[in-house]
Amino acid sequence: MKRVFALVDCNNFYASCERVFNPSLRSRPVVILSNNDGCIVARSAEAKALGIPFASPYYKVRALAERHNTAVFSSNYTLYADLSLRVMNVLRSFTPDVDVYSIDEAFLSLYKNGDMTGPGLAIKEKVYRWTGIPVSVGIACTRTLAKAAAHIAKRDSLMKGVLDLTSRADADELVSGIQVRDIWGIGPAYAAKLNSAGVYNAAQFIKLDPAWVKRNMTITGLRTQSELRGISCLEPAMVPAEKKAIVSSRSFGRQVRGLRELEQAVSTYAERSAEKLRRQKGLASLVTVFIMTNRFKDTPQYADSLSCELPEASCCTPVIIRCALALLRRLYREGYDYNKAGIMLSGIVRAGDAQLNLFMPEELRGSSRVMEAVDHVNRKFGTGTLFYASGGIDRPWSMRREMLSPAYTTRWEDIPLIRI
DNA sequence: TCTGGGGTCCTAGGACCC
DNA sequence: TCTGGGGTCCTAGGACCC
């Protein structure tokens, strides 16, 4: 039997998550804001129909949203991540071969057994019944075509959210009409380049000379073209790869001037990134800190970054905080209104593979046992139970989340009660 | 008049994804 | 007042080596 890919894509995922535990939202437009309540990052179908654009700053569409009784939420990643796990677990009941591609998408590897529309519908119905999340399913012989299939299925109401390209006589016609910008792997820059070469849809892109594609869109573009031609050439990512870089950064809830508050923020981000690093059992050898002013404002601008090699790769929070704060003090310039800061850990190696430093001062080595204890406490009693004082306590700079919904599934006080 | 060849490693920048 | 965050891959070009 032939292998095919099924892409399962959650519809308007964040908005759908908000609806699961709040049925009153089902008939209203719903939008979700980015961190700091800045931009629109997700919209329900009704919100899209109102013409609220993706990624637009909320204040620009606020009047429109309010006029139509739109429900607006701050991002609740705790909730979305938990519901995502539930969706993926349902998918694993169909095949162990589930390649989780993002928080709201996964590729399933299936054996083709006749028309796969039925199995596709079964997946969609089971996910909805078990989690409350609506999904679309695209089935094809390559991942890129499966993405295209899901894209078509979402827009054509006759398909009921499922399209199996491998069993459609009109598969080529269906795909050929897709605009190049909507092809997975073609972003705004390549789309503009293709358009100016007279290429607007998938059919035209498929017919392009591969040498031209490679020259103008690198090997990545060539792979996309081959995939659309039905030749599978993308690798699965079955095992979640260890990250090669870990970034923690945030815009502030308000402008920040003083070094003191920047130190708190950078220390807090350093703490978070070190936790992420330990979760993947890694050690970082390079620490980079960056700070910047608000580029949208007409005020004096400053942005810069500095890096520092650690004497020995480490995942120890105090070591990373100390290094990050030293960098920050060198970066800091007085008199600017800062808007954002961040830290990046790179040069990541596996714990155990690290090159040791014979001349490493003992006080810079840190203690893995203390870190284990801290992580254990925070896992058991909740993030932030134990934290470093250098991160501050009040944190007046922290991000705005004024419209946050409850953590319905991960915090005891927030679990919905049913009264009979 | 004439200025090697072949290789590695690193970084910055550009493209993409969600 | 108010404009997100966190990643990956690829290429070109420079530094450096023999």
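Quantities reported herein were computed from a predicted structural model and do not represent experimental measurements. Naming: A, B, ... by sequence-line order, numbering from 1 per chain. Reckoned from all heavy atoms, side chains included, excluding hydrogens, waters and symmetry mates.
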Participant: Just N and O in the side chain of Ser251(A): are any of them under 4.0 Å from OP1 or OP2 of dG5(C)?
Facilitator: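 So the side chain of Ser251(A) is within the cut-off, an N or O lying under 4.0 Å from OP1 or OP2 of dG5(C).
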Participant: Pick from Asp182(A), Leu7(A), Asp9(A): which one makes a side chain to side chain contact (heavy atoms under 4.5 Å, CB included) with His151(A)?
Facilitator: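 The side chain to side chain contact (heavy atoms under 4.5 Å, CB included) with His151(A) is passed solely by Asp182(A) among Asp182(A), Leu7(A), Asp9(A).
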Participant: Determine which nucleotide pairs with dC18(C), using a 3.5 Å limit on both distances of a Watson-Crick or G-U wobble pair.
Facilitator: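 Its partner is dG5(B) (Watson-Crick or G-U wobble, both distances under 3.5 Å).
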Participant: NZ of Lys112(A): more than 12 outside heavy atoms within 6.0 angstrom?
Facilitator: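 Enclosed.
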Participant: What integer distance in Å separates Arg254(A):CZ from dT3(C):P?
Facilitator: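 From Arg254(A) CZ to dT3(C) P: 14 Å.
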Participant: Select from Arg400(A) and Lys276(A) the residue whose nearest nucleotide in DNA chain C is closer to the 5' end of that strand.
Facilitator: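 Its nearest nucleotide lies further toward 5', so the answer is Arg400(A).
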Participant: Within the structure shown, what part of the strands sits under 4.0 Å from Ser56(A) by heavy-atom distance: base, sugar-phosphate, or nothing?
Facilitator: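 Here Ser56(A) touches no strand at all.
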Participant: Starting at CZ of Arg143(A) and ending at C1' of dT8(C), how long is that distance when rounded to a whole Å?
Facilitator: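 My rounded result for the distance is 15 Å.
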Participant: Within a strict 4.5 Å, meaning less than it, do heavy atoms of the Tyr269(A) and Arg250(A) side chains meet?
Facilitator: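 Side chain of Tyr269(A) against side chain of Arg250(A), heavy atoms only: contact under 4.5 Å found.
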Participant: With DNA chain C as reference, determine whether Lys214(A) or Lys340(A) sits nearer its 5' end, using the nearest nucleotide of each.
Facilitator: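 Its nucleotide being nearer the 5' end, the pick is Lys340(A).
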Participant: Hey, is the side chain of Tyr59(A) pairing donor to acceptor with the base of dT3(C) inside 3.5 Å?
Facilitator: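 By the distance-only test, yes, there is a pair.
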Participant: Base, sugar-phosphate or nothing for Ala245(A)? Non-hydrogen atoms, less than 4.0 Å.
Facilitator: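 The answer is sugar-phosphate, as Ala245(A) gets under 4.0 Å only of primed atoms, P, OP1 or OP2.
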Participant: Below 4.0 angstrom, N of the basic side chain to O of the carboxylate: do Lys297(A) and Asp337(A) qualify?
Facilitator: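 No.
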Participant: Between dA15(B) and Arg223(A), is there an OP1 or OP2 to side-chain N/O distance shorter than 4.0 Å?
Facilitator: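 Negative; the distance criterion is not met.
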Participant: May I ask you to verify if any side-chain N or O of Ser249(A) is less than 4.0 angstrom from the OP1 or OP2 atom of dG6(C)?
Facilitator: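 For Ser249(A), the contact criterion (side-chain N or O under 4.0 Å from OP1 or OP2 of dG6(C)) is met.
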Participant: When the distance from OH of Tyr190(A) to P of dG14(B) is rounded to whole Å, what number comes out?
Facilitator: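 So the two atoms are 12 Å apart, to the nearest Å.
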Participant: To the nearest Å, how far apart are Arg250(A) CZ and dG4(C) P?
Facilitator: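 Arg250(A) atom CZ is separated from dG4(C) atom P by 12 Å.
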Participant: Classify the nucleic acid contact of Ile103(A) as base, sugar-phosphate or nothing, counting any heavy atom under 4.0 Å across all strands shown.
Facilitator: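 No contact at all - Ile103(A) keeps every heavy atom at 4.0 Å or more from the nucleic acid.
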